[in-house]
Amino acid sequence: MNTIESVLHEHRVFPPAPEFVAQANVSGMDAYKALCAEAEADYEGFWARLARENVVWKQPFTTVLDESGAPFYKWFSDGKLNVSWNCLDKNIEAGLGDKTAIIFEADDGAVTRVSYRELLARVGKFANALRSLGVKKGDRVIIYLPMSIEGVVAMQACARIGAIHSVVFGGFSAHSLRDRIEDAGAVLIITADAQCRGGRNLPLKPAVDEALTLGGTDSIKHVVVYRRTGEVGNPAAVMAEGRDIWWHDLEANQSETCEPEWVEAEHPLFLLYTSGSTGKPKGVQHSTGGYLLHAIMTMKWTFDLKPDDVFWCTADIGWVTGHTYVTYGPLACGGTEIVFEGVPTFPNPGRFWDMIQRHKVNTFYTAPTAIRSLIKLGEANPEQHPDRYDLTSLRLLGTVGEPINPEAWMWYHEKVGGGRCPIVDTWWQTETGGHMITPLPGVTPTVPGSCTLPLPGIMAEIVDEAGHDVEWGKGGFLVVKKPWPSMIRTIWGDPERFRHSYYPDELGGKMYLAGDGSVRDPHTGYFTIMGRIDDVLNVSGHRLGTMEIESALVSHPLVAEAAVVGKPHDIKGEAIVAYVVLKTARPTGEEAKRIVNDLRNHVAHEIGPIAKPDEIRFGDNLPKTRSGKIMRRLLRTLAKGEEITSDISTLENPAILDQLKEVVK
């Protein structure tokens with residue numbers, strides 16, 4: 001029986017403060033256990049109750065879960081609703097028309113506030129504009145926009161008329177855009193002339209123009225262009241006659257009132273493409289009803305949303321986090337949220353902290369990679385350290401996108417949260433639609449680096465390669481044993497790939513395979529994510545999760561960030577290669593050798609000699625996509641000494657690859 005060894009042990013525990021527990025939406029462990037017990041006793045009844053209490057239905061559902069086509073599950077399938085209506089009209093009818101829905105801060109610091117009434121008018125106008133182009137229910141629309149009010153409006157407008165949106169992150173290349181246009185069979189692209197990031201105007205429209213010359217894009221009838229910069233003579237503003245239309249011209253004479261398209265609960269709300277192991281992007285298809293329900297419940301449970309909260313999720317709308325916790329979840333709950341166009345380091349590394357101070361943000365949700373880079377920058381630039389800002393408005397912190405190293409967790413807890421804010425370390429995926437395993441801030445004593453316990457109604461377990469449960473304390477494969485409302489429905493146009501990727505026959509075809517290695521604490525049952533299954537190293541017969549080695553490296557006082565990959569080794573099976581960014585300048589010569597020795601000994605001390613990196617390479621930073629994800633595929637290629645032949649157009653800093661080829665001898 002193959003299990004993954006967990007070798008890192010964390011003993012620090014932070015119980016929620018009694019005053020937080022007292023006001024929480026889920027208050028205390030007994031309340032959490034009661035919800036879990038309700039789901040255990042009557043699984044369908046549990047989700048049906050939540051769906052009736054939290055979602056407004058045009059046509060109520062009578063069927064809850066349809067398992068007849070498993071693993072192609074259906075939820076609330078005979079119900080009808082509209083997501084945009086649930087996000088906007090519902091709140092206005094409840095008296096929130098004048099409440100601020102979005103506080104938008106542009107790259108240059110300009111702030112725009114939009115009320116629910118104003119947002120509905122903008123969505124209605126643009127939805128009518130899309131209908132005037134012939135866009136109808138079921139049509140696919142590509143959205144290639146910067147973080148903006150317009151991005152949210154475009155997504156909501158698609159939802160209003162039943163069009164299926166597929167947002168493509170603005171950092172993706174023309175080739176990546178073309179692949180998504182072709183796979184989705186999209187009829188329309190919504191883009192901007194340019195985006196503003198870090199004080200620079202970066203053209204967007206030329207990538208669309210190039211994508212449409214690459215073939216396979218004949219389905220596109222029109223390109224709608226939002227004028228973000230409007231620079232005279234800007235090549236980004238070249239318009240193809242008969243195909244391209246300025247956003248402002250298109251909607252100029254449109255009514256602000258748009259009757260929503262009432263769609264079936266299983267109607268696809270959106271496709272979101274993720275990179276697949278084959279290199280061909282896979283279009284994750286999400287539903288309308290089940291997805292919206294989970295977005296609402298996780299806003300209430302995980303983020304403990306209150307009517308007066310100012311909520312800020314820093315994710316781009318090009319990622320699932322920006323769908324669930326920017327465009328849909330906060331608005332469906334009548335919240336006030338921040339939408340930020342820029343980057344955390346412009347005009348200086350204190351931008352996030354300055355914005356929290358000025359906008360009096362209550363809940364802040366960001367990625368561990370942003371936290372780690374801001375640790376380095378904050379320590380190097382005392383004027384922009386969180387200590388210099390008034391962050392007392394914060395009451396809750398969250399992390400998303402990857403496991404957070406315990407030392408980064410502690411810095412976040414102490415320096416940003418002032419030691420008083422619960423941290424919700426959320427585990428979920430593009431495919432799950434929303435949070436799956438996470439602390440609840442008024443319930444769960446938190447442990448740095450652990451996502452703790454599954455949400456009520458989420459039946460997560462850890463199994464071995466044959467699908468048998470493994471005992472707590474032993475690592476294995478994270479699975480979800482029952483379908484849940486916001487789950488992926490299929491891979492667009494490729495149901496067989498969906499089946500073998502997520503419901504493999506080896507596990508009986510009825511368990512969702514997350515693709516992550518995990519372990520449960522033998523005493524508390526808390527889950528800790530050990531990294532992707534393909535990030536599991538097999539060193540001399542020991543299967544080690546890369547996350548644990550990275551955490552050990554980052555716990556060294558010199559280290560800001562680390563990424564670990566494996567490379568083939570004649571004797572051990574795999575050798576451990578670590579890429580390290582120090583808090584100080586990149587070392588060379590004898591100093592580099594000394595630090596390598598220190599770090600290897602430190603890992604041996606933290607985990608054991610088996611986990612000592614065979615190689616350590618230093619860089620000024622790590623290769624990341626523009627969304628901040630470390631590109632481990634490239635690091636594996638570098639570790640093997642192979643030439644990089646894959647597309648690196650989404651890489652924030654391509655020059656870093658040369659540094660990371662250098663092995664400290």
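Quantities reported herein were computed from a predicted structural model and do not represent experimental measurements. FYI, the numbering just counts along the sequence from 1.
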Less than 4.0 angstrom from a charged side-chain N to a carboxylate O is my criterion; do [X] and [Y] meet it?
X	Y	value
R351	E105	yes
K80	E266	no
R117	D98	yes
D107	R200	no

I would like to know whether V64 and F76 meet side-chain contact (heavy atoms from CB on, under 4.5 Å); could you show each step before the answer?
-> CA-CA 5 Å; V64 183; F76 320 120; 3.9 Å; yes

Under 3.5 Å, is there a donor on one side chain and an acceptor on the other for [X] and [Y]?
X	Y	value
K624	T369	yes
D66	W75	no
Q429	Y512	yes
H267	E261	no
N128	E256	no
T62	D78	yes
K306	N362	no
R489	S287	yes
Y273	D183	yes

Is there a side-chain contact between [X] and [Y] in this structure, where contact means two heavy atoms from C-beta onward sitting under 4.5 Å apart?
X	Y	result
Y389	D354	yes
P268	H286	no
L293	P485	yes
D425	T446	no
P260	S84	no
R228	E150	no
V56	L81	no
F364	W353	yes

Counting only N and O atoms by type, is there a donor-acceptor contact under 3.5 Å from the side chain of [X] to the main-chain atoms of [Y]?
X	Y	result
Q156	V153	no
T432	M487	no
D390	Q357	no
N91	L331	yes
R420	A17	no
W47	A39	no
D304	A24	no
Y226	S148	no
D249	I245	no

Tell me, please, which residues at least two apart from [X] pass side chain to side chain contact (heavy atoms under 4.5 Å, CB included).
X	value
T430	L272, T274, V284, V320
V21	P16, S27
P330	M299, F311, E337
T302	T298, V424, T426, H435, T438, L440, L455

Of all the heavy-atom pairs spanning G334 and K99, show the shortest one and how long it is.
-> O-NZ, 2.7 Å

Closest heavy-atom pair, M147 versus A315, reported as atoms and distance to 0.1 Å, is CE-O, 3.4 Å

OG1-CZ distance between T314 and F340, expressed to the nearest 0.5 angstrom = 9.5 Å

Looking at W262, is K58 sitting on its ring face, NZ or CZ under 6.0 Å from the six-membered ring centre and within 45 degrees of the normal?
-> yes

What about H323 and F270, are their ring centers closer than 6.0 Å?
-> yes

Carefully, step by step, assess I488 and Q285 under the rule side-chain contact (heavy atoms from CB on, under 4.5 Å).
-> CA-CA 6 Å; I488 177 177; Q285 178 181 319; 5.6 Å; no

Of I529, T399, T452, which is the lone residue that meets side chain to side chain contact (heavy atoms under 4.5 Å, CB included) with W427?
-> I529

More than 12 heavy atoms of other residues, nucleotides or ligands under 6.0 Å from CZ of R113: is that the case?
-> no

Within 6.0 angstrom of K125 NZ, more than 12 heavy atoms from elsewhere = yes

Sole candidate of W428, W312, W319 that passes ring-ring contact (aromatic ring centres under 6.0 Å, His included) when paired with Y325 = W428

Salt bridge (Lys or Arg N to Asp or Glu O under 4.0 Å) partners for [X], two or more places apart:
X	value
R52	none
E53	R49
K136	D139
K137	E264

Mind checking whether F61 and W57 have parallel, tilted or perpendicular rings, split at 30° and 60°?
-> perpendicular

For residues 107-141, the ring pair (Phe, Tyr, Trp, His ring centres under 6.0 Å) pairs (sequence neighbours left out) are F126-W247

Could you name each residue pair satisfying ring pair (Phe, Tyr, Trp, His ring centres under 6.0 Å) that touches residues 128-157, not counting sequence neighbours?
-> none

Carefully, step by step, assess M436 and C451 under the rule side-chain contact (heavy atoms from CB on, under 4.5 Å).
-> CA-CA 9 Å; M436 299 290 279; C451 53; over 6 Å; no

Worked verdict on T321 versus C313 for side-chain contact (heavy atoms from CB on, under 4.5 Å) = CA-CA 8 Å; T321 308; C313 166; 3.6 Å; yes

Residue pairs passing the salt bridge (charged side-chain N to carboxylate O under 4.0 Å, His left out) test where at least one lies in residues 287-298, sequence neighbours excluded = none

Among residues two or more places apart or on two chains, list those pairs meeting salt bridge (charged side-chain N to carboxylate O under 4.0 Å, His left out) that have a residue in residues 85-97.
-> D89-R160

